[in-house]
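Here is the structure we will look at, set down as structure tokens.
Here is how names work: the chains are called A, B, and so on, in the same order as the sequence lines, proteins then strands, and each is numbered from 1.
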Protein chains: 2
Amino acid sequence: MPTYEHPRPSVTVDVVVFGYDGGHDLKLLLIQRGSDPYQGQWALPGGFVEMDEDLEAGALRELEEETGVKDLFVEQLYTFGKPGRDPRGRVISVAHYALVNLSKHPAAAASDASEVAWFSLDKLPELAFDHAEIIKLATTRLRAKVRYQPIGFELLPEEFTLGELQALYETILGVPEFNKRNFRTRILRTGILEEVGRQQNVAHRPAILYRFNEATYQQLVEQRDSGVLRRALDFEI
Amino acid sequence: MPTYEHPRPSVTVDVVVFGYDGGHDLKLLLIQRGSDPYQGQWALPGGFVEMDEDLEAGALRELEEETGVKDLFVEQLYTFGKPGRDPRGRVISVAHYALVNLSKHPAAAASDASEVAWFSLDKLPELAFDHAEIIKLATTRLRAKVRYQPIGFELLPEEFTLGELQALYETILGVPEFNKRNFRTRILRTGILEEVGRQQNVAHRPAILYRFNEATYQQLVEQRDSGVLRRALDFEI
DNA sequence: GCAAAAGTGTTGAGTTTACACCCATGA
DNA sequence: TCATGGGTGTAAACTCAACACTTTTGC
């Protein structure tokens, strides 16, 4: 059965971009739609995938075209394909999420789309299509993932203090504040942080600056994969 | 920009079906391709998605058409879209994985495809397209997921003993054997098992039969979502 | 000296691991 | 009575959570 006998849906790639600037909330990058459907409404950056590009590459391309933001961590999230989710016809969207540190990637500049802005994750505007649902799933995934994989580091500058790291975790997970002592012990125990210096010119004891050590992390992952199952299972729930 | 201005890729849904029959290995359901490309080679069940059907529904439809297997747990896995993964042109595959207990769903009967068979997961034939890669990802996901979500129950009959459950976990995770005492304590502590009787006619002390209690599980999930974060984070690695 | 945030010691409660043992059944 | 798998008691090792305390800086 050759391909051309089949009706073909359109395929888009959309990106949920989380940004962090050290504050007490996560930001989300949205664009204002310049044309119908949903003209004038806010939506996720994204667009139709090209015939000769990988999905992730398409996501990054659309993101740069529409918002000017590039060079960030991106990962596939889920594919949304319910018939009727787009009034133009059958459109299947391969959704991605991305993480970015706002101090490295300054204010997104528009080009394709009429407007681009960062919104606080808990003060989002009304969204086009099923994008609210996509964002909800991305948020859930981010919260789950940050607890067992060091993706949080993508949201921080190259060098950071343990206080900053802890504030980030509290922000992502939305918990009030957890015990400093125990947070430090846990993070440092993993060995994935590397000391790189000390804070300067702060009106308190200067904190040690750390950097994420990817090599050590990879070692840990391999150790785990190649046996030595610490706990057989863990219905943490 | 209306949809029809864009070139459209084809979209397929493929399913990695894991089966378990109580033995010491997991099985995988494959079909032998009846036409080119890859004619005669083994491949995942799947096919082109219809214009008016949901992705998951398409996966289940193709699965039933090609193998006769139906009524099983299915979940989206990942979308594979590298250009060149299908010699017919741009084909994007939304891969799913499914779990099935072989005693409930007897030998798959062919219809569309020329042949259908269950293979042991560690003795797979050469596979068409990038299906080996898809299976690898599905296996990784299954192993990860079974450790924190009770999906294992989909692979067992309605009622089962703790011994059977433990054997299943050992099979999925590929570990030699873990401590009986501790496995039992952990599973029972969660409260998601419900006693339903006792084994009959076995040449040893009859085991208690259990059933998975979905209601209790849902309660646990809600408890977790609505606060009471037991551990703030857990770089288990 | 004071405020502010960094960083540390410690202890009781709780959890995990490991091993040894007893139990009920059919053959 | 034996073999087989089901099921339990428990103690030492370890981990977690919580709290109070000391340190270092700029002003």
* To do: Between protein and nucleotides 18-27 of chain C, map the contacts as a letter string: B base, S sugar-phosphate only, - none, heavy atoms under 4.0 Å, written 5' to 3'.
  => BB---BBBS-
* To do: With sequence neighbours left out, write down each residue that passes side chain to side chain contact (heavy atoms under 4.5 Å, CB included) with B/Ala207, or none if nothing qualifies.
  => B/Thr161, B/Gln199
* Do you know which of A/Leu28, A/Thr171, A/Ile172 makes side-chain contact (heavy atoms from CB on, under 4.5 Å) with A/Leu121? -> A/Leu28
* In whole angstroms, how far is the P atom of C/dA5 from the CG atom of A/Leu165? -> 17 Å
* Counting any heavy atom closer than 4.0 Å, what does A/Ile208 reach on the DNA or RNA strands: base, sugar-phosphate only, or nothing? -> sugar-phosphate
* Send over the distance from A/Arg184 CZ to D/dC16 C1', rounded to a whole Å. => 18 Å
* Rounded distance (Å) that lies between atom P of C/dA6 and atom CD of A/Gln166 -> 9 Å
* CZ of B/Arg186 versus P of D/dT8: gap in Å, rounded? -> 17 Å
* For A/Leu55, which residues count as a side chain to side chain contact (heavy atoms under 4.5 Å, CB included) partner, sequence neighbours excluded? -> A/Val13, A/Val49, A/Gln76, A/Val94, A/His96, B/Thr79, B/Arg90, B/Ile92
* Please give, in whole Å, the distance from D/dT4 C1' to B/Gln199 CD? -> 12 Å
* Whole angstrom is fine here: how far is it from CG in B/Leu209 over to C1' in D/dG7? => 14 Å
* Asked: C/dG7 P sits how many Å from A/Phe183 CZ, rounded?
  -> 12 Å
* To do: State, without any angle test, whether B/Thr185 and B/Arg181 hold a side-chain donor-acceptor pair at a distance under 3.5 Å.
  => yes
* For the rings on B/Tyr210 and B/Phe160, is their centre-to-centre separation under 6.0 Å? -> no
* To do: Of all the heavy-atom pairs spanning B/Arg141 and B/Leu77, show the shortest one and how long it is.
  => NH2-O, 2.7 Å
